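Reading through the C-alpha coordinates given below for one structure.
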Amino acid sequence: MIVVMKPEATQDQIEHVRDHISALGLQPQVIVGQHQTVIAAIGEERPGLVETLEPAPGVEKVLPIMAPYKRASSELKKERTVVRARSLEIGGKAIGVIAGPCSVESEEQIVSLAIKLKALGATGLRGGAYKPRTSPYSFQGHKVEGLKMLATARAETGLAIVTEVMAPEHVPVVAEYADVLQIGARNMQNYQLLTAVGDSGKPAFLKRGMSATMDEFLLAAEYILDRGNDQVILCERGVRTFEEHTRFTLPLASVPYLQAKSHLPVVVDPSHGTGKAPLVPPMARAAIAAGADGLMVEVHDDPEHAMSDGAQTITPEAFARMMAECRRVAEAVDRTF
Ligand code: PEP
Ligand code: MN
(Lines give C-alpha, C1' and ligand atoms only; values in the text may rest on other atoms or scores of the structure.)
(Ligands and ions follow the chains in the order given, each with its own letter.)
Protein backbone atom coordinates (compact mmCIF):
# COMPACT_ATOMS: atom_id res chain seq x y z
CA MET A 1 0.00 0.00 0.00
CA ILE A 2 1.24 3.52 -0.74
CA VAL A 3 -0.21 6.42 1.22
CA VAL A 4 0.24 9.59 -0.78
CA MET A 5 0.21 12.64 1.52
CA LYS A 6 -1.14 16.00 0.35
CA PRO A 7 1.61 18.46 -0.63
CA GLU A 8 0.62 20.64 2.35
CA ALA A 9 0.54 17.75 4.86
CA THR A 10 2.23 18.64 8.14
CA GLN A 11 4.98 16.68 9.85
CA ASP A 12 2.48 15.73 12.59
CA GLN A 13 0.07 14.32 10.01
CA ILE A 14 2.89 12.32 8.36
CA GLU A 15 3.94 10.91 11.73
CA HIS A 16 0.34 10.09 12.59
CA VAL A 17 -0.04 8.01 9.41
CA ARG A 18 3.31 6.34 10.00
CA ASP A 19 2.29 5.35 13.53
CA HIS A 20 -1.11 4.20 12.33
CA ILE A 21 0.57 1.90 9.78
CA SER A 22 2.78 0.43 12.54
CA ALA A 23 -0.26 -0.11 14.75
CA LEU A 24 -1.86 -2.11 11.93
CA GLY A 25 1.11 -4.48 12.07
CA LEU A 26 2.63 -3.18 8.80
CA GLN A 27 6.07 -1.66 8.30
CA PRO A 28 6.00 2.03 7.39
CA GLN A 29 8.62 3.50 5.06
CA VAL A 30 8.52 7.28 4.68
CA ILE A 31 9.75 8.54 1.30
CA VAL A 32 10.15 12.31 1.16
CA GLY A 33 9.74 13.51 -2.42
CA GLN A 34 10.22 16.92 -3.97
CA HIS A 35 6.52 17.78 -3.97
CA GLN A 36 4.92 15.40 -1.54
CA THR A 37 5.69 12.66 0.91
CA VAL A 38 4.54 9.09 0.38
CA ILE A 39 4.46 6.45 3.06
CA ALA A 40 4.69 2.85 2.04
CA ALA A 41 2.96 0.27 4.20
CA ILE A 42 4.81 -2.98 3.67
CA GLY A 43 3.37 -6.32 4.69
CA GLU A 44 0.59 -8.72 3.92
CA GLU A 45 -2.25 -6.84 2.26
CA ARG A 46 -5.61 -7.23 3.97
CA PRO A 47 -9.10 -6.21 2.90
CA GLY A 48 -10.28 -2.94 4.39
CA LEU A 49 -6.80 -1.44 4.70
CA VAL A 50 -7.41 1.35 2.20
CA GLU A 51 -10.55 2.37 4.10
CA THR A 52 -8.70 2.63 7.41
CA LEU A 53 -5.89 4.77 6.02
CA GLU A 54 -7.73 7.06 3.65
CA PRO A 55 -9.65 9.23 6.17
CA ALA A 56 -6.53 10.29 8.13
CA PRO A 57 -5.82 14.04 8.02
CA GLY A 58 -3.32 15.08 5.35
CA VAL A 59 -3.86 11.95 3.22
CA GLU A 60 -4.48 12.57 -0.50
CA LYS A 61 -5.01 8.97 -1.61
CA VAL A 62 -4.10 5.37 -0.85
CA LEU A 63 -2.92 3.14 -3.67
CA PRO A 64 -2.21 -0.55 -3.66
CA ILE A 65 1.27 -1.68 -4.80
CA MET A 66 0.29 -4.10 -7.53
CA ALA A 67 3.61 -5.95 -7.79
CA PRO A 68 4.17 -8.87 -5.38
CA TYR A 69 7.55 -7.32 -4.53
CA LYS A 70 7.08 -3.99 -2.80
CA ARG A 71 10.40 -2.44 -1.83
CA ALA A 72 11.96 -3.47 -5.15
CA SER A 73 9.09 -2.02 -7.14
CA SER A 74 9.28 1.15 -9.19
CA GLU A 75 5.70 1.80 -8.04
CA LEU A 76 7.13 2.59 -4.62
CA LYS A 77 10.35 4.37 -5.60
CA LYS A 78 10.56 6.40 -8.78
CA GLU A 79 14.22 7.47 -8.64
CA ARG A 80 16.74 4.87 -9.76
CA THR A 81 18.91 3.30 -7.10
CA VAL A 82 22.63 3.84 -7.46
CA VAL A 83 24.81 1.26 -5.71
CA ARG A 84 28.22 2.50 -4.64
CA ALA A 85 31.19 0.64 -3.23
CA ARG A 86 34.63 2.26 -3.46
CA SER A 87 35.56 2.41 -7.17
CA LEU A 88 32.29 0.83 -8.24
CA GLU A 89 29.16 2.79 -9.09
CA ILE A 90 26.24 1.01 -10.72
CA GLY A 91 22.93 2.61 -11.64
CA GLY A 92 24.08 6.10 -12.59
CA LYS A 93 24.97 7.43 -16.01
CA ALA A 94 28.34 5.66 -16.01
CA ILE A 95 28.39 1.95 -16.79
CA GLY A 96 30.20 -0.16 -14.20
CA VAL A 97 32.45 -3.00 -15.35
CA ILE A 98 33.25 -5.82 -12.94
CA ALA A 99 35.97 -8.01 -14.41
CA GLY A 100 38.24 -10.78 -13.20
CA PRO A 101 38.78 -14.50 -13.20
CA CYS A 102 36.09 -17.02 -12.39
CA SER A 103 38.19 -18.26 -9.45
CA VAL A 104 40.94 -16.57 -7.48
CA GLU A 105 43.87 -18.89 -8.18
CA SER A 106 46.90 -17.24 -6.55
CA GLU A 107 47.89 -13.87 -5.16
CA GLU A 108 50.25 -13.28 -8.05
CA GLN A 109 47.48 -14.04 -10.55
CA ILE A 110 44.82 -11.82 -9.02
CA VAL A 111 47.12 -8.87 -8.30
CA SER A 112 48.72 -8.74 -11.75
CA LEU A 113 45.38 -9.21 -13.47
CA ALA A 114 43.73 -6.54 -11.31
CA ILE A 115 46.42 -4.03 -12.28
CA LYS A 116 45.82 -4.75 -15.99
CA LEU A 117 42.03 -4.64 -15.68
CA LYS A 118 42.08 -1.37 -13.82
CA ALA A 119 44.29 0.18 -16.52
CA LEU A 120 41.78 -1.05 -19.13
CA GLY A 121 38.83 0.62 -17.39
CA ALA A 122 37.35 -2.00 -15.07
CA THR A 123 35.68 -0.40 -12.04
CA GLY A 124 35.28 -3.55 -9.95
CA LEU A 125 37.26 -6.77 -9.49
CA ARG A 126 35.55 -10.15 -9.42
CA GLY A 127 36.99 -13.52 -8.42
CA GLY A 128 35.51 -16.49 -6.62
CA ALA A 129 37.02 -17.60 -3.32
CA TYR A 130 34.06 -19.83 -2.46
CA LYS A 131 33.05 -21.59 -5.67
CA PRO A 132 29.73 -23.31 -6.30
CA ARG A 133 30.79 -26.21 -8.53
CA THR A 134 28.53 -28.75 -10.17
CA SER A 135 30.89 -31.57 -9.22
CA PRO A 136 32.29 -32.03 -5.70
CA TYR A 137 35.57 -33.10 -7.34
CA SER A 138 36.09 -29.75 -9.08
CA PHE A 139 38.17 -26.94 -7.52
CA GLN A 140 36.09 -25.42 -4.72
CA GLY A 141 38.02 -22.17 -4.30
CA HIS A 142 40.75 -21.04 -1.88
CA LYS A 143 38.10 -19.78 0.57
CA VAL A 144 39.49 -17.43 3.27
CA GLU A 145 42.95 -17.48 1.64
CA GLY A 146 41.29 -16.41 -1.60
CA LEU A 147 39.53 -13.54 0.18
CA LYS A 148 42.91 -12.36 1.47
CA MET A 149 44.34 -12.47 -2.05
CA LEU A 150 41.43 -10.31 -3.25
CA ALA A 151 42.09 -7.85 -0.43
CA THR A 152 45.72 -7.60 -1.54
CA ALA A 153 44.57 -6.88 -5.10
CA ARG A 154 42.29 -4.15 -3.77
CA ALA A 155 45.13 -2.63 -1.75
CA GLU A 156 47.23 -2.51 -4.95
CA THR A 157 44.54 -1.10 -7.26
CA GLY A 158 41.72 0.41 -5.20
CA LEU A 159 39.24 -1.74 -7.16
CA ALA A 160 36.10 -2.75 -5.25
CA ILE A 161 35.94 -6.50 -4.64
CA VAL A 162 32.86 -8.46 -5.75
CA THR A 163 32.94 -12.06 -4.58
CA GLU A 164 30.46 -14.82 -3.91
CA VAL A 165 29.18 -15.90 -0.54
CA MET A 166 27.56 -19.33 -0.53
CA ALA A 167 26.34 -19.85 3.03
CA PRO A 168 24.76 -17.63 5.70
CA GLU A 169 27.48 -18.60 8.18
CA HIS A 170 30.16 -17.32 5.78
CA VAL A 171 28.61 -13.85 5.45
CA PRO A 172 30.67 -12.29 8.29
CA VAL A 173 34.03 -13.45 6.91
CA VAL A 174 33.24 -12.61 3.29
CA ALA A 175 31.87 -9.21 4.37
CA GLU A 176 35.12 -8.57 6.22
CA TYR A 177 37.11 -8.71 2.96
CA ALA A 178 34.64 -7.98 0.16
CA ASP A 179 33.01 -4.70 -0.86
CA VAL A 180 30.05 -6.36 -2.61
CA LEU A 181 28.58 -9.75 -1.70
CA GLN A 182 27.63 -11.87 -4.71
CA ILE A 183 24.76 -14.34 -4.40
CA GLY A 184 25.11 -16.90 -7.15
CA ALA A 185 22.45 -18.24 -9.48
CA ARG A 186 22.27 -21.51 -7.55
CA ASN A 187 21.55 -19.64 -4.34
CA MET A 188 19.09 -17.05 -5.59
CA GLN A 189 16.31 -18.66 -3.58
CA ASN A 190 18.39 -19.45 -0.50
CA TYR A 191 16.27 -17.24 1.72
CA GLN A 192 18.49 -17.54 4.78
CA LEU A 193 21.45 -16.40 2.71
CA LEU A 194 19.47 -13.49 1.26
CA THR A 195 18.45 -12.43 4.76
CA ALA A 196 22.00 -12.71 6.09
CA VAL A 197 23.36 -10.63 3.20
CA GLY A 198 20.59 -8.09 3.83
CA ASP A 199 21.61 -7.90 7.49
CA SER A 200 25.30 -7.48 6.62
CA GLY A 201 24.61 -3.97 5.32
CA LYS A 202 27.03 -4.63 2.43
CA PRO A 203 25.94 -4.04 -1.17
CA ALA A 204 24.58 -7.22 -2.74
CA PHE A 205 25.11 -8.56 -6.26
CA LEU A 206 22.18 -10.90 -6.90
CA LYS A 207 22.41 -13.25 -9.86
CA ARG A 208 19.25 -14.54 -11.47
CA GLY A 209 18.56 -18.19 -10.80
CA MET A 210 18.93 -20.21 -13.99
CA SER A 211 15.23 -21.08 -14.01
CA ALA A 212 13.84 -18.16 -12.03
CA THR A 213 11.05 -15.99 -13.37
CA MET A 214 11.32 -12.21 -13.18
CA ASP A 215 8.89 -12.15 -10.24
CA GLU A 216 10.93 -14.77 -8.37
CA PHE A 217 14.10 -12.78 -9.09
CA LEU A 218 12.62 -9.54 -7.78
CA LEU A 219 11.12 -11.30 -4.76
CA ALA A 220 14.60 -12.62 -3.96
CA ALA A 221 15.85 -9.02 -4.09
CA GLU A 222 12.93 -8.11 -1.82
CA TYR A 223 14.36 -10.38 0.92
CA ILE A 224 17.55 -8.29 0.96
CA LEU A 225 15.72 -4.96 0.77
CA ASP A 226 13.35 -6.05 3.53
CA ARG A 227 16.30 -6.19 5.94
CA GLY A 228 16.83 -2.47 5.43
CA ASN A 229 19.61 -2.93 2.89
CA ASP A 230 18.79 -0.90 -0.24
CA GLN A 231 22.08 -1.56 -2.04
CA VAL A 232 21.10 -4.36 -4.40
CA ILE A 233 22.36 -4.96 -7.95
CA LEU A 234 20.42 -7.38 -10.16
CA CYS A 235 22.43 -9.53 -12.58
CA GLU A 236 21.01 -11.29 -15.63
CA ARG A 237 23.33 -14.24 -16.24
CA GLY A 238 21.24 -16.39 -18.54
CA VAL A 239 18.66 -19.11 -18.07
CA ARG A 240 18.44 -22.77 -18.93
CA THR A 241 16.55 -23.59 -22.12
CA PHE A 242 16.49 -26.35 -24.76
CA GLU A 243 19.35 -24.57 -26.54
CA GLU A 244 22.72 -26.27 -26.60
CA HIS A 245 24.78 -23.89 -28.73
CA THR A 246 25.39 -21.76 -25.65
CA ARG A 247 25.85 -22.80 -22.01
CA PHE A 248 22.81 -20.75 -20.99
CA THR A 249 20.43 -18.55 -22.99
CA LEU A 250 20.99 -14.85 -22.32
CA PRO A 251 17.67 -12.96 -22.50
CA LEU A 252 18.52 -9.30 -22.86
CA ALA A 253 14.86 -8.29 -22.78
CA SER A 254 15.11 -8.76 -19.03
CA VAL A 255 17.22 -5.57 -18.85
CA PRO A 256 14.50 -3.10 -19.91
CA TYR A 257 11.86 -5.25 -18.21
CA LEU A 258 13.60 -5.17 -14.83
CA GLN A 259 14.35 -1.47 -15.20
CA ALA A 260 10.67 -0.77 -15.82
CA LYS A 261 9.48 -2.88 -12.89
CA SER A 262 12.19 -1.93 -10.42
CA HIS A 263 14.44 0.95 -9.43
CA LEU A 264 17.37 -1.42 -8.87
CA PRO A 265 20.33 -1.34 -11.27
CA VAL A 266 20.74 -4.19 -13.76
CA VAL A 267 24.03 -5.79 -14.79
CA VAL A 268 24.53 -8.40 -17.51
CA ASP A 269 27.01 -11.29 -17.30
CA PRO A 270 27.73 -12.39 -20.89
CA SER A 271 30.36 -14.90 -19.70
CA HIS A 272 28.01 -17.27 -17.88
CA GLY A 273 25.22 -16.16 -20.22
CA THR A 274 26.93 -17.68 -23.24
CA GLY A 275 29.64 -19.99 -21.92
CA LYS A 276 31.74 -19.20 -24.98
CA ALA A 277 34.53 -16.62 -25.05
CA PRO A 278 34.00 -15.45 -28.67
CA LEU A 279 30.36 -14.63 -27.86
CA VAL A 280 31.20 -12.52 -24.81
CA PRO A 281 32.22 -9.20 -26.45
CA PRO A 282 29.25 -9.07 -28.87
CA MET A 283 26.80 -9.82 -26.06
CA ALA A 284 28.49 -7.22 -23.85
CA ARG A 285 27.89 -4.64 -26.58
CA ALA A 286 24.30 -5.79 -26.96
CA ALA A 287 23.75 -5.56 -23.19
CA ILE A 288 24.86 -1.94 -23.16
CA ALA A 289 22.69 -1.19 -26.19
CA ALA A 290 19.75 -2.71 -24.27
CA GLY A 291 20.39 -0.29 -21.42
CA ALA A 292 22.35 -2.38 -18.89
CA ASP A 293 23.85 -0.42 -16.00
CA GLY A 294 26.91 -2.61 -15.89
CA LEU A 295 28.74 -5.73 -17.02
CA MET A 296 30.31 -8.66 -15.23
CA VAL A 297 32.95 -10.37 -17.35
CA GLU A 298 35.35 -13.24 -16.69
CA VAL A 299 38.94 -12.44 -17.70
CA HIS A 300 42.10 -14.55 -17.26
CA ASP A 301 45.67 -14.25 -18.57
CA ASP A 302 45.58 -17.85 -19.75
CA PRO A 303 41.95 -18.97 -20.10
CA GLU A 304 42.99 -22.39 -21.39
CA HIS A 305 44.55 -23.16 -18.03
CA ALA A 306 41.99 -21.40 -15.82
CA MET A 307 40.89 -23.49 -12.83
CA SER A 308 37.23 -22.88 -13.72
CA ASP A 309 35.11 -21.58 -16.61
CA GLY A 310 38.03 -21.22 -19.05
CA ALA A 311 35.84 -21.70 -22.13
CA GLN A 312 33.85 -18.56 -21.40
CA THR A 313 36.80 -16.48 -20.19
CA ILE A 314 38.41 -13.81 -22.35
CA THR A 315 42.01 -12.61 -22.28
CA PRO A 316 43.03 -9.10 -21.19
CA GLU A 317 43.69 -8.32 -24.87
CA ALA A 318 40.15 -9.31 -25.85
CA PHE A 319 38.88 -7.37 -22.83
CA ALA A 320 40.72 -4.26 -24.06
CA ARG A 321 39.06 -4.56 -27.48
CA MET A 322 35.68 -5.22 -25.88
CA MET A 323 36.03 -2.10 -23.72
CA ALA A 324 36.82 0.07 -26.74
CA GLU A 325 33.77 -1.29 -28.60
CA CYS A 326 31.51 -0.97 -25.57
CA ARG A 327 32.59 2.62 -25.06
CA ARG A 328 31.27 3.49 -28.51
CA VAL A 329 27.97 1.73 -27.91
CA ALA A 330 27.65 3.48 -24.52
CA GLU A 331 28.03 6.86 -26.17
CA ALA A 332 25.35 5.95 -28.70
CA VAL A 333 22.88 5.25 -25.89
CA ASP A 334 23.86 8.33 -23.90
CA ARG A 335 25.86 6.55 -21.20
CA THR A 336 29.45 7.01 -20.15
CA PHE A 337 32.04 4.36 -19.64
C1 PEP B 1 30.31 -16.88 -11.05
O2 PEP B 1 30.02 -15.67 -11.16
O3 PEP B 1 31.46 -17.33 -11.12
C4 PEP B 1 29.20 -17.85 -10.94
C5 PEP B 1 29.37 -19.03 -10.36
O6 PEP B 1 28.06 -17.41 -11.51
P7 PEP B 1 26.57 -18.00 -11.53
O8 PEP B 1 26.15 -18.03 -10.09
O9 PEP B 1 25.84 -17.01 -12.35
O10 PEP B 1 26.64 -19.36 -12.16
MN1 MN C 1 32.43 -18.57 -13.44
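Heads up: numbering here begins at 1 and tracks the sequence. Because the structure is a prediction, the values reported are computed rather than measured.
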Legend entry - F248-H272 aromatic ring centre distance below 6.0 Å: no
Inset, instruction - Could you tell me whether K61 and E54 have a side-chain N and a carboxylate O separated by less than 4.0 Å? - result: no
Inset, instruction - Look at K93 together with D334 and state whether they make a salt bridge at an N to O cut-off of under 4.0 Å. - result: yes
Legend entry - Distance-minimising heavy-atom pair for G100 and R126: N-CG, 3.4 Å
Inset, instruction - Identify the two heavy atoms, one from E236 and one from S254, that lie closest to each other, and give their separation to 0.1 Å. - result: OE1-OG, 2.6 Å
Inset, instruction - Give a yes or no on whether the backbone of I161 and the side-chain of D179 come within a donor-acceptor separation of less than 3.5 Å. - result: yes
Legend entry - Salt-bridge present (R247, D309; N to O < 4.0 Å): yes
Legend entry - K6 with E60: basic N within carboxylate O range, under 4.0 Å: no
Legend entry - Heavy-atom pair with the smallest gap, counting every atom of L113 and P316: CD1-CG, 4.0 Å
Inset, instruction - Would you name the heavy atoms of A221 and V232 that are closest together and state the gap between them? - result: CB-CG1, 4.2 Å
Legend entry - Heavy-atom neighbours of E243 CD exceed 12 at 6.0 Å: yes
Inset, instruction - Could you tell me which non-hydrogen atom of L24 sits nearest to which non-hydrogen atom of T52, and how far apart they are? - result: CD1-OG1, 3.9 Å
Legend entry - K148/E145 under salt bridge (Lys or Arg N to Asp or Glu O under 4.0 Å): CA gap, chis, key distance, verdict: CA-CA 5 Å; K148 291 181 182 164; E145 289 314 308; 3.7 Å; yes
Legend entry - Under-4.0 Å salt bridge between K70 and D226: no
Legend entry - K77 atom NZ, over 12 foreign heavy atoms within 6.0 Å: yes
Inset, instruction - Could you tell me whether R80 atom CZ has more than 12 heavy atoms of other residues or ligands within 6.0 Å of it? - result: yes
Legend entry - Which atom of G291 lies closest to which atom of R335, heavy atoms considered: O-NH1, 3.5 Å
Legend entry - Heavy-atom neighbours of E8 CD exceed 12 at 6.0 Å: yes
Inset, instruction - Please work out whether the ring planes of H16 and H20 are parallel, tilted or perpendicular, with thresholds of 30° and 60°. - result: parallel
Legend entry - Within 6.0 angstrom of E44 CD, more than 12 heavy atoms from elsewhere: no
Inset, instruction - Could you tell me whether a side-chain N or O of Q182 sits under 3.5 Å from a main-chain N or O of V180, the two making a donor and an acceptor? - result: no
Inset, instruction - Determine whether more than 12 heavy atoms belonging to other residues, nucleotides or ligands lie under 6.0 Å from atom CZ of R133. - result: yes
